[in-house]
J.: 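Below you'll find the structure I mean.
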Amino acid sequence: MEIYFDNSATTKCLDEVIDKMDQVMKEDYGNPSSMHLKGLQAENHIKTAGERISKTLKASPKELVFTSGGTESINLALIGAATANQRKGKHLITTRIEHPAVLNTMAYLAEQGFAVTYLDVNRNGGIDLKQLEEAITGETILVSMMHVNNEIGAVLPIEEAQAVIKEKNPDTLFHVDAVQSYGKYQINLHTSGIDLLSVSGHKIHGPKGVGFLYIKEKTKIKPILFGGGQQHNLRSGTENVPGIAGLGEACFRAYEAIKENTEQLYRLKERFCTEINKLAFAHIHGKTGQDSAPHIVSVSVDGIRSEVLLHALEEQGIYISAGSACAAKKQQLSNTLKQIGLQEQIKETVRFSFSKFNTLEEILYCTDCLSKLVPMLRKYRRR
Ligand code: PLP
C-alpha cells in the first residue's frame, strides 16, 4: 500500500500532463524561436498554455511569464519590481511566515540597500491588517504576501490586504505567493489589486521545474536573467516547451472541477482532524475547517520526534513530511512554527497534506496507524 500525504511538498503528475509532454518531446520538439514549421508548432504550445492559464485567473496571456517554478517567479517578482521601482522608494513589506524563496530574496534585497518590514503573525498564522496599514509609507514600493502557508495551511487575507495597500499608497505593488493556493481557490486578477502572482507547476499535478509569474499590464519590472530576449525580454532563455505545455494542461485540469475537488479536500481534512482530535497525544496547529487551506494539516505528537514518526508511518506505506520539505532535509527548525510561537513542539511536528487522489479509507487507515503506533513508540522511548 502507498498513501501519499505529502502533497504540499509535491504532487503526482496527471496522466494527461505526461501525455502532453510526451507528445511535445517526441514530435513538437522545435525551438519556439525558430522560423520554420517546427518552431511554429513549439510556439503554439506556449501560446495555448498561456491562453489556458490566463482563463483560470481572468488575466491576459500577455501578462504571464513562464519560469522554472515558484522560486524563480518569486525572485523575478521581488528583485525585478524592487530594482525597477527603486526611484519611488526603497521600502518593502512581507510577513514573517513566508517561504524561504521570499524571505531569502528579501534578505538579498536588504543587502542591496532596501529596507524590509516583516509583519508579525498570531498563533494561527494570521496577520494584523492594521499593522500592514501602518507599515505602508510613501516609500513603500512592494508588499509580498503568501496566500496559503505551506506548513500550517493558514490562509492570509489577500483580498483585504490589497484593498488596504491600494488605499494607503496606490503606487505600492502587491505580490502574492500563490504556490500553495492556486488550484484550490478562485482568484480573479481582473478585479483585484494584485500586481504580481507566483505559481508553481509541481504543486498542482504538473511537472517540476516550471511555473509562471503573472505581471499585471503596465507593472514596471526588470528582468533578472539576460540573454536572447525571449518572453518580452523578461525571461531570456529557450522556453521549456514540454514543461510549459504540461503546466498549461495541469492548470486547466486544476480549475476544470475546482469546486468539487476543494469540497472533497475539505471533507477529507475535516474527517482527519476529527480523528486526530480523538487522540490525546496529538495537537493540530493553526485553524481547521473552511478558515484554513483545504489540504494541509500540521500536527504535533507529544514525546515523538517528527523524523521518528515520519519513518514509522513510512513503514506502513504512508508518506508525510516533518515540517516543510525544504526545511526538513536541512535539519533546520521550521520558521513558521517558530513564528506562531511554538517551542519544544516544533521538533514533534509533522505535516499531512492531501490531494484529490486521496480517499477517506486512506485517512482512516492513517489515523488508525497513528493511534496504534504512537503509544508503542512512546513506550520504547521511556526504556
Ligand atoms: N512558495 C511556497 C508557499 C511554497 O510552498 C513553495 C514550495 O514548496 C515555493 C514557494 C517554491 O516553489 P518551487 O518549489 O516551485 O520553487
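First listed ligand is number 1; within each ligand, the first listed atom is number 1. No hydrogens, no waters, no symmetry mates; every other heavy atom, side chains included, goes into these values.
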J.: Going by distance only, is there an N or O of Ala101 that falls short of 3.5 Å from an N or O of ligand 1?
T.: no
J.: Evaluating non-hydrogen atoms only, which member of Ser68, Gly70, Ser181 is closest to atom 12 (O) of ligand 1?
T.: Gly70
J.: With respect to Ser8, determine whether any N or O atom, backbone or side chain, lies less than 3.5 Å from an N or O atom of ligand 1.
T.: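 No - when backbone and side-chain N and O of Ser8 are compared with those of ligand 1, no distance drops under 3.5 Å.
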J.: What are the atoms of ligand 1, with element, lying closer than 4.0 Å to any heavy atom of Met146?
T.: 3 (C)
J.: When you measure from the centre of the six-membered ring of Tyr4, is the NZ or CZ of Lys12 under 6.0 Å away and within 45° of the axis?
T.: no
J.: Counting from 1, what ligand 1 atoms have a heavy atom of Asp177 closer than 4.0 Å?
T.: 1 (N), 2 (C), 3 (C), 10 (C)
J.: What atoms in ligand 1 come closer than 4.0 Å to a heavy atom of Gly69?
T.: 15 (O)
J.: Please determine whether any non-hydrogen atom of Lys203 lies less than 4.0 Å from an atom of ligand 1.
T.: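 Contact check Lys203 vs ligand 1: positive.
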J.: Would you call the rings of Phe354 and Phe272 parallel, tilted or perpendicular if under 30° counts as parallel and over 60° as perpendicular?
T.: perpendicular
J.: By the rule that ILVMFWY residues connect when side-chain heavy atoms come within less than 4.5 angstrom, directly or transitively, which residues belong alongside Leu78?
T.: Val65, Ile74, Leu76, Ile79, Leu92, Val102, Leu103, Met106, Tyr108, Leu109, Phe114, Val116, Tyr118, Ile141, Leu142, Leu173, Leu196, Leu213, Ile215, Ile221, Ile224, Leu234
J.: Please name all residues satisfying ring-ring contact (aromatic ring centres under 6.0 Å, His included) with Phe174, sequence neighbours left out, ordered by chain then number.
T.: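 Applying ring-ring contact (aromatic ring centres under 6.0 Å, His included) to Phe174 gives none.
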J.: Which ligand 1 atoms does Ser200 reach within 4.0 Å, using its non-hydrogen atoms?
T.: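 Answer, ordered by atom number: 13 (P), 15 (O).
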J.: Does at least one non-hydrogen atom of His202 fall below 4.0 angstrom from an atom of ligand 1?
T.: yes
J.: Nearest 0.5 Å, please: how far is CD in Gln162 from CG in Leu132?
T.: 11.0 Å
J.: Mind checking whether Ile74 contacts ligand 1 via backbone (N, CA, C, O), side chain (CB onward), both or neither, at a 4.0 Å heavy-atom cut-off?
T.: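 The side chain, only.
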J.: Identify whether Leu129 and Met145 are in the same connected component of the hydrophobic contact network (ILVMFWY, side-chain heavy atoms under 4.5 Å).
T.: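 They do share one cluster, since a chain of ILVMFWY contacts under 4.5 Å joins Leu129 to Met145.
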J.: Looking at His285, Lys347, Glu348, which hits side chain to side chain donor-acceptor pair (under 3.5 Å) with Ser300?
T.: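 Of His285, Lys347, Glu348, side chain to side chain donor-acceptor pair (under 3.5 Å) with Ser300 is met by His285 alone.
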